[in-house]
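Got a structure for you, questions after.
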Amino acid sequence: MEHKIVSLPREIWAGTVIPMRYTTEDYFDVRIEKKQQEEGYGVEICKCRFDTPVSHYPEEYDFPDKLYQEHWEKAYAWGIVEEREDGTGLLACIETCPEEWSNRLIVTELWVHESLRRQGIGRRLMAIAKRQAVLEHRRAIILETQSCNTGAIRFYEQEGFELIGFDSCCYSNRDLERKEVRINMGYFLRTRRQEARERLVLRGEREEDYHRTEQMVLDAFWNKHHSAGCDEHLLVHKIRDSEVYLPELSRVAVIGEEIVGVICYTKAMLKQGEQTKEILLFGPLCVAPEWQGCGIGGRLLKETLAAAGEMGYEGVVIFGEPDYYPRHGFQTCDHFGITTADGKNFDAFLGIELVEGGLKDFGGRFIEPEVFENLSPEENEAYTKNFQTPDRQKFPGQWD
C-alpha cells in the first residue's frame, strides 16, 4: 500500500503531540576531557551497549514534541494521516523551519509510527525536506537527535547527514550521565562546486539531448512554483519548434554525459506606438537540483549574454527570480521605461542592456512570443506522462 504524504496546515495541526517513543540497546557515549599539559579539550564519541534496553517516550518530558510550536514561527509540516472513528490521526510527519540568518533549513520534527517503519517512509519524508532546501537555495539542512537514539543516527547517516556538533546539557544537567546527549547533524548542499568548475562544458543542444534536457528541466521546476508540478519541460519542447527560437544562442551545460543545465533564447520585441524593436528573451534557465548553487547558471548567463552582444542584440527582458538575476546585472524594467504588454511592472520583470541605451532609449511595452502563452493544462498533463515525476507536493512559497 502506497501511503500518500500530504501537507499538514498549521491551522489544523498546531499543537498536535508527536508520540516520539523508541527503545534502544545502544548509545553513543560522549566523553569530554580537559587536557592537563596543554590548553584544549579532548572529545571522544564511542558506540556502547546498555546493560538493559532503554526506552524513551513523550510522557517523561516536560515539553513533548508538538507540531507548530510557537518558537518555530515559519515552520511547515507534511505527513501521513488516517481517518479514525474519533477523527483524523497522524501516522508520520516531518516539520521544517528556515533559519534565515544562516541560510539553513532545520528539520524540527521527524517521526514515523512503529507500524510503518522500514517501509521507506522516513526517506520519502526526508526527500521533501531536501527538495525544500533546494527550492529555497539553502546551503545546509540541520537537525538534532539524541546520542542514545542510534537507530535515528544510523538513518540520518544513510541520508547523507554527518556529525556537526553536540550539546552536553540540552535536556538536563545530567545528559552525559544519562547517555542522552543532544547530537547535531548536518546535510550539505552545494558540495560539487569544484567538480563543476573543472568539468563543466557549455555547448549547443543536440537532438539526442532533447528528452534528457526536458527531464532535467522538469526536475528543476517540479513543485517550485505550483503544487501541481510544472510545465517548463513542455515549454522547452514547444520553443524548439517555434519561429522565434534561437538555437545558435541557446546552450546546455554538460558534465561528463550528464546534462546539468540549459538556457533557451527566443526573439521578443518592444513596442512603442507603431514602432517595434527586436530584443531577446530567455527562459527557462535552470540547473539540475543536485548541481544548483555550483555556479552553473551564472556560467550559462555570462557566456550567452556575451554571445548575444556579439550577434548584435542590444538588450534582454525576462520574467525571473528577483533575488537572483540582479546579482548578474539585471534591473527591474521600470529603469528602462518598459512595461508588460498590459502596462504593469513588478520585481520579477527584469532586463539588462547589452549596449548602453539598448533598452532605455526605446522603452515601450514588452511583447512576449505566443509560444509562452499557449501551454494548456491538458496538453501538459498528457506530455508529462513521458517523464519520471516525483510526487506533487505543497511547499511554502508556491504561487497557488
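The basis for the numbers below is simple: all heavy atoms, side chains too, and nothing from hydrogens, waters or symmetry mates.
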Exercise. Y383 and side chain to side chain donor-acceptor pair (under 3.5 Å): which partner among E214, H233, K238?
Worked result: E214
Exercise. Side-chain donor-acceptor pair under 3.5 Å between Y156 and T145, yes or no?
Worked result: no
For this session: List the steps, then state whether salt bridge (charged side-chain N to carboxylate O under 4.0 Å, His left out) holds for R124 with E2.
Result: CA-CA 11 Å; R124 289 173 59 200; E2 181 74 11; 3.3 Å; yes
Exercise. Which residues satisfy the side chain to side chain donor-acceptor pair (under 3.5 Å) test with Q331, sequence neighbours excluded?
Worked result: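 Side chain to side chain donor-acceptor pair (under 3.5 Å) check on Q331 returns nothing, list empty.
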Problem set entry | Approximate separation, where rounding is to 0.5 Å, of Q393 CD and W222 CH2 |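 Atom-to-atom, Q393:CD and W222:CH2 are 12.0 Å apart.
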Exercise. With distance as the sole test, does T24 use its side chain to make a donor-acceptor pair with the main-chain N or O of N149 at under 3.5 Å?
Worked result: no
Problem set entry | salt bridge (Lys or Arg N to Asp or Glu O under 4.0 Å) partners of K66, counting only residues at least two apart | none
For this session: Quick one: list whatever passes side chain to side chain donor-acceptor pair (under 3.5 Å) with T389, sequence neighbours left out.
Result: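 In terms of side chain to side chain donor-acceptor pair (under 3.5 Å), with neighbours along the sequence ignored, T389 is linked to no residue.
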Exercise. Within a reach of under 6.0 Å around CD of E248, are more than 12 heavy atoms found that belong to other residues, nucleotides or ligands?
Worked result: yes
Seminar exercise, completed: In I263, V252, L200, L305, the residue satisfying side-chain contact (heavy atoms from CB on, under 4.5 Å) with L300 is I263
Problem set entry | Residues which pass side-chain contact (heavy atoms from CB on, under 4.5 Å) with A268, listed by chain and number, not counting sequence neighbours |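 A268 satisfies side-chain contact (heavy atoms from CB on, under 4.5 Å) with I279, L281, F366, P369 only.
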Problem set entry | Heavy-atom neighbours of E257 CD exceed 12 at 6.0 Å |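 Counting other residues, nucleotides and ligands, CD of E257 stays at 12 neighbours or fewer.
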For this session: Sorted by first residue and then second, give each salt bridge (charged side-chain N to carboxylate O under 4.0 Å, His left out) pair with at least one member in residues 227-237; sequence neighbours left out.
Result: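 Output for this query is empty, none listed.
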Seminar exercise, completed: Sequence neighbours excluded, the answer for side-chain contact (heavy atoms from CB on, under 4.5 Å) partners of K360 is F336, E353
Exercise. Is V54 isolated, or which residues cluster with it under the ILVMFWY side-chain rule of less than 4.5 Å, directly or via members?
Worked result: Y27, F50
For this session: Sequence neighbours left out, what passes side-chain contact (heavy atoms from CB on, under 4.5 Å) with K74? Give chain and number order.
Result: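 Per chain and number, K74 pairs via side-chain contact (heavy atoms from CB on, under 4.5 Å) with C97, P98, E100.
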Exercise. Hey, is the main chain of F155 close enough, under 3.5 Å, to the side chain of R123 for a donor-acceptor pair?
Worked result: no
Exercise. Can the positive tip of R240 be found less than 6.0 Å from the middle of the six-membered ring of Y210, inside 45° of the ring normal?
Worked result: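 Output yes; distance and angle both within limits.
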For this session: Consider only side-chain N and O atoms of S7 and Y76, and report whether a donor and an acceptor are under 3.5 Å apart.
Result: yes
Seminar exercise, completed: salt bridge (charged side-chain N to carboxylate O under 4.0 Å, His left out) pairs touching residues 309-330, sequence neighbours excluded, are K224-E321, K277-E314
For this session: Under the side chain to side chain donor-acceptor pair (under 3.5 Å) rule, collect the residues that match up with Q215, sequence neighbours excluded.
Result: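 Partners of Q215 under the side chain to side chain donor-acceptor pair (under 3.5 Å) test: D219.
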Exercise. Stepwise, does the salt bridge (charged side-chain N to carboxylate O under 4.0 Å, His left out) test hold for R203 with D209?
Worked result: CA-CA 11 Å; R203 60 167 172 80; D209 299 329; 2.7 Å; yes
Exercise. In chain order, what residues pass the ring-ring contact (aromatic ring centres under 6.0 Å, His included) check against W399, with sequence neighbours excluded?
Worked result: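 Counting only residues at least two positions away or on another chain, W399 forms a ring-ring contact (aromatic ring centres under 6.0 Å, His included) with H225, H226.
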Exercise. Which is it for R84 and E82 under the salt bridge (charged side-chain N to carboxylate O under 4.0 Å, His left out) test, yes or no, and what are the steps along the way?
Worked result: CA-CA 6 Å; R84 304 169 181 166; E82 68 171 354; 2.7 Å; yes
Seminar exercise, completed: Applying side chain to side chain donor-acceptor pair (under 3.5 Å) to D334 and not counting sequence neighbours gives T332
Exercise. CD of E243: more than 12 outside heavy atoms within 6.0 angstrom?
Worked result: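 Counting other residues, nucleotides and ligands, CD of E243 stays at 12 neighbours or fewer.
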Exercise. Within a radius of less than 6.0 Å around CD of E373, do more than 12 heavy atoms belonging to other residues, nucleotides or ligands occur?
Worked result: yes
Exercise. Does CG belonging to D342 count more than 12 external heavy atoms closer than 6.0 Å?
Worked result: yes
